[in-house]
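Notes follow the structure.
Within every chain, numbering begins at 1; the chains are lettered A, B, ... in the order of the sequence lines, protein sequences first and strands thereafter.
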Amino acid sequence: MNAERTSSAKDASAGGNGTLNSHCPTGPIETRWDKHRFDMKLINPANKRKYNVIVVGSGLAGAAASATMGELGYNVDCFCYQDSPRRAHSIAAQGGINAAKNYQNDGDSVFRLFYDTVKGGDYRARESNVYRLAQVSVNIIDQCAAQGVPFAREYGGLLANRSFGGAQVSRTFYARGQTGQQLLLGAYQALERQIATGKVTMHPRTEMLELIVVDGRARGIVTRDMVSGEIKTHVADCVVLATGGYGNAFYLSTNAKGCNAMAIWRAHRKGAFLANPCFTQIHPTCIPVKGKYQSKLTLMSESLRNDGRVWVPKYEDDIGKAPGDIPEEERDYYLERRYPAFGNLVPRDVASRAAKAVCDEGRGVGSTGLGVYLDFEEAVGRLGKQAVSERYGNLFDMYHHITDEDPYAVPMRIFPAVHYTMGGLWVDYNLMSNLPGLFVLGEANFSDHGANRLGASALMQGLADGYFVAPSTVANYLATVTPGAVDKGHEDVKAARSTVKERVSKLLGVGGKRSPDSFHRELGLLCWDKCGMARSESGLKDALEKIPALREEFWENVRVMGTGEQFNQELEKAGRVADFLEFSELMVRDALNREESCGGHFREEHATEEGEAKRNDEDFCYVAAWEHGGDGNEPKLHKEALNYEYCKLTQRSYK
Amino acid sequence: MKLKVHVWRQANASSKGKFETHEVSDISPDMSFLEMLDVLNEELVDHEKEPVAFDHDCREGICGTCSLVINGEAHGPQRAATTCQLHMRKFDDGDEIWVEPFRAGAFPVIRDLVVDRKAFDRIIQAGGFITARTGSACDANEIPVSKEIADRAMDAAACIGCGACVAACPNASAMLFTAAKVRHLNMMPQGQPEREVRVRNMVSQMDAEGFGACSNHFECEAACPKEISVEFIAEMNREFLGAMVKADNTVPKRG
C-alpha cells in the first residue's frame, strides 16, 4: 500500500521545522470563534449545490453534520455500517450532555465550562477549541429542544439539570438514562428529513475500506456493500470522518461490537496524522467481567455516582461477606475518604485508578476480586425508592437483567472498563486534518478532551462539531476548491479500489485455523494488561514485541469463512481486527513515548507519593501527532506545542 | 448447560431457508443469548462451516439492532428485554431452542437471521421529525413543557426501532412503532405546527410499505423491549381520523 504523503499535504499544516499549525485564531479567547466565522469564506447558495460532500459515520457528529450540510444545500452522501443511521453507538450514551446555560443559577458560565474541561483533560487540550466547544454548548440545547428532544423537566416546565463527575455545578441536561438515544434520534430525524428531500443520500450497511487521496487532497472513499459485497468508489470535494473511537482495540469495552478504527487507520496510512492515541478513557462504573465468553462490557452511567456511594470492605478478610453483613464502620468509602471535596464525583480517570488501587490491595469484591460496591441504600433512605427509580430506573433494570441481582436490595458491583478514546486523527481549529479536504469530527478526532474527558462532554462535542463547527469550516475549505475536479476514472481512484480488492481477497485467502475473534480477544487482553489503567516501560516494550508477532500470525493463520460476494460478518471482523493489530502498536508506542502521567494515561514510573498522576509539563505539554512511516518503518513524531493563556497549569486536585 | 439449537439458515433474500440443528455445550447461565450464538459460531468456524449471520451491535439493549424470534417469541421469553439482554439462565439444561428471523413481508431476509428494516426509516422520512433548521432555535427555556407531557413523550420516544412489534403481530402491523413516534412528536409543543401532516404522511407510508393493520391483539406491547404502550396506537388513530377529516375539508375537490 502506498502510504507516502505527498508534498502538498505536508505544506498544509506541518511546517518545515516539524511543528504543526493549529490555525487557531488569535485575540481574546471569547472573540475567536466569532472572528473566525467572519473571516471564513462563504459559498453562495446557488453554488452550494455544485459541491459533493462525503460523510462517514451517522452518530451524533456524522448525522448532525450530514443533516445540516444537506439543509444548507450541499449534496451529501452519508455512510454507516449499521442497518440504519439511528443505530450508531452515540445511542448508548446514558447520562447527559453538558451546556453552560447556568439555568440553575449556581455560578456556571461559558468560561467555567471551558476551564473545567481543560482542567479535567489534565491540560492536554487546545484552549481555543475547548472555549468554542463551551460557547456552542448553549446552542446545542436550544437546537435539540426545538427538535422535540424530550429532555427531563422541572414541574414548572423548565429544563432540569443534574451534576456530573468533575464539576461542582449542575450543568448536565438529560433524558432519563437515555440521553444519547434521544439526541441521536433528534439528529437522525433531521437527517431522514434531508434524505426525503434528496439532499442527502444514505448508504447503510456500507463500510469504508479506504480513503482516496489525489494530489495530496482527500477526494473520496472506497466502500464495501455489506449485503452484496460490491466494492465501490465514491468521489467528492471533501471527506468528513465521524467514525467514532478505537476503544475496541481492547476487545472488551463499552463500545458496540461493530465500532472500529478502520476509517481513521486507513486515513492515517494515507498521510493523516494520528494524535495522542495513548489517551484512552477507562470508565469507572461498568459491570464487571464474568467469564471467558464475555463479548462486551456494559456501562452503568456515571450519573449513578451522584447518589450512589462507592465502597469496599475495610478489611481484606471481609471480601467474601454479604455486603449487608458488613457494618458501616467496617466499610471504606475510599473516594469520600481520599477526595473529600469531590467525593464520589471525582473525574473518571481518578475514580478508575482508585478502584484499581483497592482491588490491587486485595479488597476487591465479587468472584474475581475485580469489583467495588456502588451502594444506593443511603439514597433510597434519603429520597425514597420512587425518586431513585425516576432518576435511574432504566439503569437499575439493565443491571438487574445482566447480573440477576436487584440493585434496590443489594449494592451494585462495578469495575472500570475501556469506554472512550480521547486520541484520534489530528485536526486543526477547522477540524481539518493535515490532509487537506479531510475533516474529522466527534470521537474520531483528538481535539477537545485532552488526556481525559469529563462526563457528559462526548455528546456535547459530537453535536458541536456536527451542527455548528464543521458546516462553517467545511464551507471555508470548499470555497477554495473547484467542484467535481476529480472523477472516478482518475488513476489514483482506480488504484485505491484495486488495493481494497486485493486486501479483501488476501483476507479470504489466508486459509488458516483461528477465527478473527480469537485474534481480537488476544490482542485486547494484551492491550488491557500492558496499556490499560496502568502502564510501565517494561510492559509497553513487551507489548511492542508481542503485537507485531500476533499480527504476523494473523496474516498466516486467520480463517475467514465465506466469500467476498455475500453478507459476510467474518470478513467484516477480519478487516477490522487486521487494522486494530496495526493501530494498537501505535497506541503502545505513544504510551511509551509519553514519559509522564496525565489524565487517562498513567505511567507507573510517574506518580506522586500519594499515588496520583504526575504530569511533566516541561517536556510533554504537547500533542503527539504521529505520521505513518510505511509498513516496517517507525512512525515519525510531530509535536504541537500547547500554550495555556487562560488556564493556569496546576497539579489537578480534587481533594 | 447443554442445548439443542434449531437455527434458521437462508443464503439470501431469494433463496429458500430451512432450520439447521446444532448442539452447544459448556453454556454458562451468565451468558447472554448472543454470546451463546458466538460460541456456536466459533464452533462452526472450527469445523470450517459458515457461521450463522445475525444482527447485533451495542449488546446493551438500546441500539435496536438485534432481533430474533426465539421459541416463537420476538426477543425471546423475557419481558421488557432485547435479545442481547436475554441471558441463558432463562433456559434449562437440555432445552431445545428454535431461532428464527423477524418475519414480515416488509422485512425481507438478507441472510440467515438478518432482515432488512429500511421500511422503518422511510416511515420516519415521511414525517417523523420536527422541522428545525440548525441555528434557528430560540432559547430552550422559552417554551416550557410540563413535566407530565415531557415524561409521557419520553415514554413514547423510548422506542428503539427494533421491529419486534411487527414480528409479534399476526398482521405484521407497524402501528406501535409509528404511533410511538407520532405521539412523541405530536405531544411536544414544538411538534404542533406539523402535527396533522405528520400523522397523515407517516400512516400512509406505513401502509405503502405493506405493514398490516391493527386488530387489537396487543402482541406488540407484550413483545416490546421498551414496554411502549398500545394506548399510543389508540391516540394515533384518533389523531389520524381528525387529520384526515380536516384534510378533506381543506383540500378542494375536483368537479
Next item on the list: With a 4.5 angstrom heavy-atom cut-off, could you sort out which part of B:D121 is near chain A: side chain, backbone, both or neither?
Entry: both
Check: Of the backbone (N, CA, C, O) and the side chain (C-beta and beyond), which part of A:K296 lies under 4.5 Å from a heavy atom of chain B, both, or neither?
Finding: both
Next item on the list: Please round to the nearest 0.5 Å and tell me the distance separating atom NZ of A:K513 and atom CG of B:D46.
Entry: 11.0 Å
Notebook entry, point to check: Do B:D26 and A:Y293 have side-chain N/O donor and acceptor atoms under 3.5 Å apart?
Noted result: no
Next item on the list: Heavy-atom distances under 4.5 Å only: say whether A:L158 touches chain B with side chain, backbone, both or neither.
Entry: both
Next item on the list: Side chain from CB out, backbone as N, CA, C, O: work out which of these in A:R205 comes under 4.5 Å of a heavy atom of chain B, or both, or neither.
Entry: side chain
Note to self: Are the side chains of B:T131 and A:R193 in contact, using a 4.5 Å heavy-atom criterion?
What the structure shows: yes
Notebook entry, point to check: Which atoms of A:N139 come close to chain B, meaning under 4.5 Å heavy atom to heavy atom: side chain ones, backbone ones, both, or neither?
Noted result: neither
Margin query: Can you tell me which portion of B:R111 sits under 4.5 Å from chain A's heavy atoms? Options are side chain, backbone, both or neither.
Written below: side chain
Notebook entry, point to check: Going through the checks in order, is the side chain to side chain contact (heavy atoms under 4.5 Å, CB included) test met by A:F567 and B:D112?
Noted result: CA-CA 10 Å; A:F567 186 87; B:D112 295 342; over 6 Å; no
Note to self: As a quick check of understanding, evaluate side chain to side chain contact (heavy atoms under 4.5 Å, CB included) for B:V45 and A:R559, giving each step before the final call.
What the structure shows: CA-CA 8 Å; B:V45 172; A:R559 172 181 288 174; 3.7 Å; yes
Next item on the list: Show the numbers, then the answer: is there a side chain to side chain contact (heavy atoms under 4.5 Å, CB included) between A:M561 and B:L44?
Entry: CA-CA 10 Å; A:M561 297 303 301; B:L44 289 172; over 6 Å; no
Checklist line | Carboxylate-amine/guanidinium proximity below 4.0 Å for B:D139 and A:K101 | finding: yes
Next item on the list: Mind listing the closest non-hydrogen atom pair of B:A157 and A:L185 along with its distance?
Entry: O-CD1, 4.0 Å
Margin query: Only pairs of heavy atoms separated by less than 4.5 Å count here; which of B:G161, B:A80, B:A156, B:C84 has the most with chain A?
Written below: B:G161
Check: What closest approach, in Å, do B:D57 and A:G258 show between heavy atoms, and which atom pair accounts for it?
Finding: OD1-N, 2.8 Å
Check: Given a strict heavy-atom distance threshold of 4.5 Å, which part of B:S28 is in contact with chain A: side chain, backbone, both, or neither?
Finding: side chain
Check: Do A:R153 and B:P144 come within less than 4.5 Å of each other through their side chains, counting heavy atoms only?
Finding: no
Check: Any sub-3.5 Å donor-acceptor pair from B:R59's side-chain atoms to A:A256's backbone N or O?
Finding: no
Next item on the list: Can you tell which part of A:S90 gets under 4.5 Å to a heavy atom of chain B, answering side chain, backbone, both or neither?
Entry: neither
Next item on the list: Could you look at A:F151 and say if it's the side chain, the backbone, both or neither that has a heavy atom under 4.5 Å from chain B?
Entry: backbone
Item checked: Region of B:E48 that comes under 4.5 Å of a non-hydrogen atom in chain A -> both
Next item on the list: Inspect the contact between A:E192 and B:R122 and indicate whether a charged nitrogen and a carboxylate oxygen are less than 4.0 angstrom apart.
Entry: no
Check: How about A:S295 and B:E35: does a side-chain donor come under 3.5 Å of a side-chain acceptor?
Finding: yes
Next item on the list: Please say whether more than 12 non-hydrogen atoms of neighbouring residues, nucleotides or ligands are located less than 6.0 Å from CD in A:E405.
Entry: yes
Checklist line | Heavy-atom proximity to chain B below 4.5 Å, by part of A:P204 | finding: side chain
Notebook entry, point to check: Mind checking whether B:C58 and A:H89 have side chains closer than 4.5 Å, heavy atoms only?
Noted result: yes
Notebook entry, point to check: With no hydrogens and no angle check, is any side-chain donor or acceptor of A:Q181 less than 3.5 Å from a backbone partner on B:I62?
Noted result: no
Margin query: Taking every non-hydrogen pair under 4.5 Å, which of B:V114, B:D116, B:N12 racks up the most with chain A?
Written below: B:V114
Item checked: Side chain to side chain, B:R133 and A:Q143, heavy atoms closer than 4.5 Å -> no
Margin query: How about CZ on B:R103, more than 12 heavy atoms from neighbouring residues, nucleotides or ligands closer than 6.0 Å, or not?
Written below: yes
Margin query: Let's test your reading of the structure: which of A:L159, A:D397, A:T298 forms the most heavy-atom pairs below 4.5 Å with chain B?
Written below: A:L159
Check: What part of B:K181 is in contact with chain A, defined as an atom under 4.5 angstrom from a non-hydrogen atom: side chain, backbone, both or neither?
Finding: side chain
Notebook entry, point to check: Of all of A:M202, A:Q94, A:M398, A:Q182, which one pairs up most often with chain B through heavy atoms under 4.5 Å apart?
Noted result: A:Q182
Check: Which pair of heavy atoms, one from B:E60 and one from A:T254, lies closest together, and at what distance?
Finding: OE1-O, 3.6 Å
Note to self: Heavy-atom cut-off 4.5 Å, strictly under: side chain, backbone, both or neither for A:D404 against chain B?
What the structure shows: both
Check: At what distance, to the nearest 0.5 angstrom, does CD of B:Q125 lie from CG of A:L191?
Finding: 8.5 Å
Checklist line | Which of B:A126, B:G127, B:A132, B:S32 touches chain A most, by non-hydrogen pairs under 4.5 Å | finding: B:A132
Next item on the list: Apply side chain to side chain contact (heavy atoms under 4.5 Å, CB included) to A:Q147 and B:Q190, showing your working.
Entry: CA-CA 7 Å; A:Q147 291 171 342; B:Q190 292 87 351; over 6 Å; no
Notebook entry, point to check: Do the non-hydrogen side-chain atoms of A:Y188 and B:I124 ever get within less than 4.5 Å of each other?
Noted result: yes
Next item on the list: Assess the side chains of B:E50 and A:Q566: does a donor N or O sit below 3.5 Å from an acceptor N or O?
Entry: yes
Margin query: Please identify, among B:L185, B:I160, B:L34, B:I149, the residue contributing the most non-hydrogen atom pairs under 4.5 Å to chain A.
Written below: B:I160
Check: Does any heavy atom of chain A fall under 4.5 Å from the side chain of B:D155, the backbone, both, or neither of them?
Finding: both
Checklist line | Selection from B:P29, B:G191, B:A53 maximising heavy-atom pairs under 4.5 Å formed with chain A | finding: B:A53
Margin query: Could you go through A:D83 and B:K118, starting from their C-alpha distance and side-chain angles, then the distance that decides it, and tell me whether this counts as salt bridge (charged side-chain N to carboxylate O under 4.0 Å, His left out)?
Written below: CA-CA 7 Å; A:D83 70 329; B:K118 284 205 282 285; over 6 Å; no
Checklist line | Non-hydrogen atoms of A:A146 and B:A137 that approach each other most closely | finding: CB-CB, 3.7 Å
Margin query: Out of B:M188, B:H184, B:H87, return the one with the most heavy atom pairs under 4.5 angstrom to chain A.
Written below: B:H87
Next item on the list: Using a cut-off of 6.0 Å, state whether more than 12 heavy atoms not belonging to B:E231 lie near its atom CD.
Entry: no
Item checked: Pair A:E390 + B:K147: basic N to acidic O under 4.0 Å -> yes
Next item on the list: Against chain B, label A:Q194 side chain, backbone, both or neither, depending on which of its atoms sit under 4.5 Å from a heavy atom there.
Entry: neither
Checklist line | Top contributor to chain B interface from A:Q82, A:R86, A:E154, A:Q178 [non-hydrogen pairs under 4.5 Å] | finding: A:R86
Next item on the list: Tell me, out of A:T403, A:L299, A:I140, who's got the most heavy-atom pairs with chain B below 4.5 Å.
Entry: A:T403
Check: Taking side chain as C-beta onward, heavy atoms only, is A:K290 less than 4.5 Å from B:M31?
Finding: no
Notebook entry, point to check: For chain B, which of A:L297, A:V560, A:I402 has the most heavy-atom pairs under 4.5 Å?
Noted result: A:I402
Note to self: If I measure from the heavy atoms of chain B, does A:V149 come under 4.5 Å with its side chain, its backbone, both, or neither?
What the structure shows: backbone
